[in-house]
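This report concerns only the one structure given below.
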Amino acid sequence: MKFKKRVKLSNKFYARDSKVVAKELLGKILVRVINDKILKSKIVETEAYYDEKDPASRACLNGDLRETMKMGAGIILVYGVHNNWLINFVTGNLGEASAVLIRALEPLNFEGSTKGPGLLTKSLKIDKNFHKNNLLDSNSLWVENCKNKTNFEIAESFRVGVKKDLSIKLRFYIKGNKWVSKKCIKDKNQKI
DNA sequence: CGCCAGATTGACT
DNA sequence: GTCAATCTGGCGG
């Protein structure tokens with residue numbers, strides 16, 4: 001009996017600069033298991049967050065979120081804001097605070113509203129219970145490489161919704177993908 | 001302890 | 001266009 005070769009992303013993948021990880025997560029497959037049902041979706045929009053020198057990052061605050069951001073590559077960080085759960089993957093080396101926010105997904109084998117960071121967590125039933133879980137161990141949530149190579153263009157812009165952004169572009173999305181969040185398509189905040 | 005702000009969304013004037 | 005919902009941590013009394 002032959003199993004499909006699992007191509008779950010490894011610790012090495014996440015243990016790099018969060019900007020690099022954010023960019024490379026585009027097109028990868030997020031797998032969520034709910035009661036033996038496997039929901040697969042493609043990651044189409046991400047944002048990178050850094051340590052204390054990033055004014056938009058929760059690492060600027062003392063507390064559990066900052067500590068979680070230092071827990072090492074592959075840890076899941078769930079952050080509640082404005083009545084929404086936002087999911088992040090911790091990146092970089094142990095002790096460094098950095099993470100990638102998942103902003104939008106394209107559902108592949110199910111119906112769901114996933115064009116936005118708060119919406120996708122609702123659709124996939126991701127909440128604070130996932131906080132501090134590990135993508136490398138979890139049997140209900142992980143990320144795989146895409147089997148079929150698909151060509152797409154990566155677009156970048158400044159981050160959405162943050163009051164104090166850095167001067168570099170840290171939001172990445174698949175150009176033309178209809179599941180990218182509205183704000184991202186409009187690029188309201190983007191300066192040319 | 002109370003009140004404010006924030007990486008959001010949806011409902012309503 | 002405005003506003004409120006919920007969680008976490010900063011800050012003032």
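What's counted below: heavy atoms across the whole structure, side chains too, no hydrogens, waters or symmetry copies. So that the names make sense, note that chain A is the first sequence line, chain B the second, and so on, each numbered from 1.
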**OP:** Write down the distance separating the P atoms in dT13(B) and dA5(C), rounded off to the nearest Å.
**Re:** 15 Å

**OP:** Determine the minimum heavy-atom distance between Val90(A) and Met69(A), stating which atoms define it.
**Re:** CG1-O, 3.3 Å

**OP:** Indicate yes or no: does Lys115(A) engage Glu45(A) in a salt bridge with an N to O separation below 4.0 Å.
**Re:** no

Original post:
Rounded to the Å, how far apart are Glu47(A) CD and dG6(B) P?
Top reply: 16 Å

Subject >> Presence of Arg103(A) side-chain N/O under 4.0 Å of dT8(B) phosphate oxygens OP1/OP2 >> reply: yes

Subject >> Protein-to-nucleotide contact annotation, 5' to 3' order, nucleotides 6-13 of chain C [B base; S sugar-phosphate only; - none; under 4.0 Å, heavy atom] >> reply: BBSSS---

**OP:** Measure from the side chain of Lys163(A), starting at C-beta and using heavy atoms only, and say which of dG6(B), dT8(B), dG10(B) lies closest.
**Re:** dG6(B)

Original post:
If you measure from the C1' atom in dA7(B) to the same atom in dG1(C), how many Å do you get, rounded?
Top reply: 23 Å

Original post:
Taking NZ, NE, NH1 and NH2 as the nitrogens, is one of them in Glu153(A) or Lys175(A) under 4.0 Å from a carboxylate oxygen of the other?
Top reply: yes

**OP:** Please tell me if the side chains of Ile75(A) and Leu135(A) come closer than 4.5 Å, counting only heavy atoms from C-beta onward.
**Re:** no

Original post:
What are the two closest non-hydrogen atoms of Ala59(A) and Tyr50(A), and how far apart are they?
Top reply: CB-O, 3.9 Å

**OP:** Counting Watson-Crick and G-U wobble pairs only, both distances under 3.5 Å, name the nucleotide matched with dA4(C), or none.
**Re:** dT9(B)

**OP:** Please step through salt bridge (charged side-chain N to carboxylate O under 4.0 Å, His left out) for the pair Lys132(A) and Asp64(A), ending with a clear verdict.
**Re:** CA-CA 10 Å; Lys132(A) 292 183 183 173; Asp64(A) 178 64; 2.7 Å; yes

**OP:** Rounded off to whole Å, could you give me the CG-to-P distance for the Leu120(A) and dT9(B) pair?
**Re:** 8 Å

